Amino acid sequence: SATFGIDAQVPGMVFAAITACPVPGGKLKSVDETVLKGAPGVLQVVKLPDAVAVVATDTYWRAKRALSRLQPEWDVGEAGKVDSEMLSKQYRAALNDQMLTARNDGDVDKAFPGAKKTFEAIYETPYLSHSPMEPMNATVHLQPDRLDVWFGTQDPLEALEAAAKASGLKPEQVYVHNAFVGGGFGRRDGNDELAQAIAIAKVVNRPVKLVWTREEDTRQDKFRPHAVVAFKAATGDDGTPTAWSMRVVTSSIFHSVGRKWPANKVEPQTVAGLEDNGYNVPNTRVQSLVKNTHLPVWFWRSPGANQHVFAIESFVDEMAAANGIDPYQMRRKLLAGKSDWLKVLDTAAEKGDWGKPLPKGTGRGIAICTDTDSLCAQVAEVTVTPDGNVKVNRVTVALDTRYMVNPQTIAEQAE
């Protein structure tokens, strides 16, 4: 059967559970470890600069239960005062700040005075955890001249470099035994769980298996960025947009991962799904502003696009509804002359039974986008009950991936 990182078994290993400061950038102030004095199976309490771990000799469960008895005190600093409402207000206020321009077709400002109708909307998406089914974990065996690592990683070479740095060994002394990944979505190349396991192993001088709890996995994630997108559009006599402006405030993934990006250039992730939209709107302007916070952000399956496509496609729907146009036909008009886009859109509509009667309370929605040089359209059939509960009955997906190596992997990703 498939072996995942969490399945690793190493002779003589001990088991570690860990909790880190709930506020990124915070430090461990103190912890009373005397409550675990004489506790059976507890080998050691390990204090790290921003975390505390309990190591047990026999099972992870024992380490986890012992850790729950500790009450660490944290120095959270000014970031401890920040909450979601505060960040939302700051991001929305920043929509009025000067931005970098990623795309500027025609003359957006000149197009608005003659518009039949104008529309404005703001879409906001929150920080989001990766939440893989397999929580973060790493098993390490550190010796004076060799380090072995067992875990699931999306980037074994980067993990090897990170392990060498954390252990103080040379890269050629590090061996990464990569396992199947129980869900990654961009998260499993951060290597923070690996660095923690190595730090613990340095203290206990034993092979260590570290597993994060589900709560720790959520709290210590490197999140999908928070984003606020403001739209302003003008529509003509036929109800389709003749001009639109898109302004985005979000944080930088490159900043979090330590990559330098020129301050005068737009980061691709900040406008993905907006700048490359396929719609024939003669006057189009797309701008973005990077606003970083203390929260680390990370790659999260189609970075940027997974937020912005939701925003732009919903905005197209708003205009279609207000102008009495079928949202599928609105998109067909906006994609006129683009045979590849139309083929994908039409296929999704046909296979998704667009236009066929539905029972009361059930409806269909349609959307299309491009990402990594692939085209994707989807039709979602959804029921909303009288008490407001939502049930997704069916999603029909049409894909044109341009180039294809293994059709099965494409079908699996779509599913």
Side-chain angles (χ1 to χ4, degrees), residues 2 4 123 125 128-134 152-155 179-189 221 223-225 227 253 268-269 271-279 298-317 327-332 334-335 338-356 358 362-384 390-415:
F4 298 86
Y123 290 86
T125 48
L128 197 61
S129 166
H130 293 81
S131 296
M133 185 177 291
E134 177 193 14
T153 173
Q154 292 174 243
D155 193 339
F180 283 100
V181 170
F185 324 124
R187 177 63 177 95
R188 280 192 148 88
D189 60 5
D221 198 9
F223 306 97
R224 182 187 76 171
I253 294 175
Q269 154 260 326
V271 291
L274 299 175
E275 180 190 18
D276 54 358
N277 80 81
Y279 298 127
W298 214 250
F299 301 101
W300 199 101
R301 293 293 80 194
S302 65
N306 71 67
Q307 300 150 278
H308 302 149
V309 169
F310 150 73
I312 189 172
E313 290 299 281
S314 298
F315 188 58
V316 169
D317 282 349
Y328 164 47
Q329 296 301 330
M330 167 82 97
R331 286 168 172 81
R332 288 203 97 257
L334 291 172
L335 295 171
K338 296 186 175 181
S339 58
D340 51 351
W341 284 75
L342 287 170
K343 178 68 173 177
V344 172
L345 182 72
D346 291 343
T347 301
E350 177 192 349
K351 301 295 184 182
D353 296 328
W354 189 268
K356 290 186 178 179
L358 288 167
T362 300
R364 294 188 185 97
I366 192 166
I368 189 169
C369 74
T370 183
D371 192 60
T372 57
D373 201 33
S374 295
L375 293 172
C376 178
Q378 297 187 9
V379 172
E381 184 178 299
V382 179
T383 298
V384 182
V390 177
K391 180 185 178 183
V392 179
N393 304 318
R394 180 170 68 140
V395 177
T396 302
V397 183
L399 280 166
D400 179 359
T401 59
R402 316 285 191 178
Y403 303 99
M404 182 163 53
V405 177
N406 185 343
Q408 183 179 343
T409 62
I410 296 170
E412 288 171 348
Q413 285 218 25
E415 289 165 1

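Values in this document were obtained by computation on a predicted structure and should not be read as measured data.
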* According to the salt bridge (Lys or Arg N to Asp or Glu O under 4.0 Å) rule, which pairs have a member within residues 397-410, sequence neighbours left out? -> Asp340-Arg402, Asp373-Arg402
* **Where Asp221 and Ser131 come nearest, the two heavy atoms and their spacing** => OD2-N, 4.3 Å
* Step by step, would you call His130 with Arg188 a side-chain contact (heavy atoms from CB on, under 4.5 Å)? -> CA-CA 10 Å; His130 293 81; Arg188 280 192 148 88; over 6 Å; no
* Which atom of Glu134 lies closest to which atom of Phe4, heavy atoms considered -> OE2-CB, 3.8 Å
* All side-chain contact (heavy atoms from CB on, under 4.5 Å) counterparts of Asn393, not counting sequence neighbours -> Thr362, Glu381, Thr383, Lys391
* To do: To the nearest 0.5 angstrom, please state how far the CH2 atom of Trp341 sits from the SG atom of Cys369.
  => 7.0 Å
* How far apart are the closest heavy atoms of Gln269 and Pro225, and which atoms are they? -> NE2-CG, 4.0 Å
* Structure fact -> Separation between OG1 (Thr347) and CG (Leu375), nearest 0.5 Å, reads 11.0 Å
* Would you find a donor on one side and an acceptor on the other, under 3.5 Å apart, between the side chain of Gln378 and the backbone of Ala367? -> no
* For Arg394 against Gly352, the heavy-atom pair lying closest together -> NH2-O, 3.5 Å
* Asked: Which heavy-atom pair separates Trp300 from Asn306 by the least distance, and what is that distance?
  -> O-ND2, 2.8 Å
* Apply ring pair (Phe, Tyr, Trp, His ring centres under 6.0 Å) to Phe310 and list each qualifying residue two or more places apart in sequence or on a separate chain. => Tyr123
* Asked: If you round to the nearest 0.5 Å, how far is CZ of Phe299 from CZ of Arg224?
  -> 15.0 Å
* To do: Look at the side chain of Arg332 and the backbone N and O of Leu345, then say whether any donor-acceptor pair between them is shorter than 3.5 Å.
  => no
* Taking 4.0 angstrom as the limit, do Arg331 and Asp346 come out as a salt bridge? -> no
* Structure fact -> Contacts satisfying salt bridge (Lys or Arg N to Asp or Glu O under 4.0 Å) that involve residues 299-312 (not counting sequence neighbours) are none
* Structure fact -> Sequence neighbours excluded, the answer for side-chain contact (heavy atoms from CB on, under 4.5 Å) partners of Glu350 is none
* To do: Please examine the side chains of Glu275 and His308, heavy atoms only from C-beta on, and report whether any two atoms are closer than 4.5 Å.
  => no
* Which atom names give the shortest non-hydrogen contact between Ile366 and Glu313, and what distance separates them? -> O-OE1, 4.3 Å
* To do: May I ask you to decide if Gly278's main-chain N or O and Lys338's side chain share a donor-acceptor pair within less than 3.5 Å?
  => yes
Check: residues 407-415 side-chain donor-acceptor pairs under 3.5 Å, at least two apart:
unit_1, atom_1, unit_2, atom_2, d
Gln408, NE2, Glu412, OE2, 3.0
Thr409, OG1, Asn406, O, 2.8

* To do: Using the side-chain contact (heavy atoms from CB on, under 4.5 Å) rule, take Cys376 and Val397 through it: C-alpha gap first, then chi angles, then the decisive distance, then the call.
  => CA-CA 7 Å; Cys376 178; Val397 183; 4.0 Å; yes
* With a 4.5 Å limit on heavy-atom distance, are the side chains of Arg364 and Asp353 in contact? -> yes
* Asked: Can you tell me how far the CG atom of Leu274 sits from the CZ atom of Phe315, to the nearest 0.5 Å?
  -> 11.5 Å
* Drop me the distance from Met330's CE to Asp317's CG, to the nearest 0.5 angstrom. => 8.5 Å
* **Derivation and outcome, side-chain contact (heavy atoms from CB on, under 4.5 Å), residues Tyr279 and Leu335** => CA-CA 5 Å; Tyr279 298 127; Leu335 295 171; 3.8 Å; yes
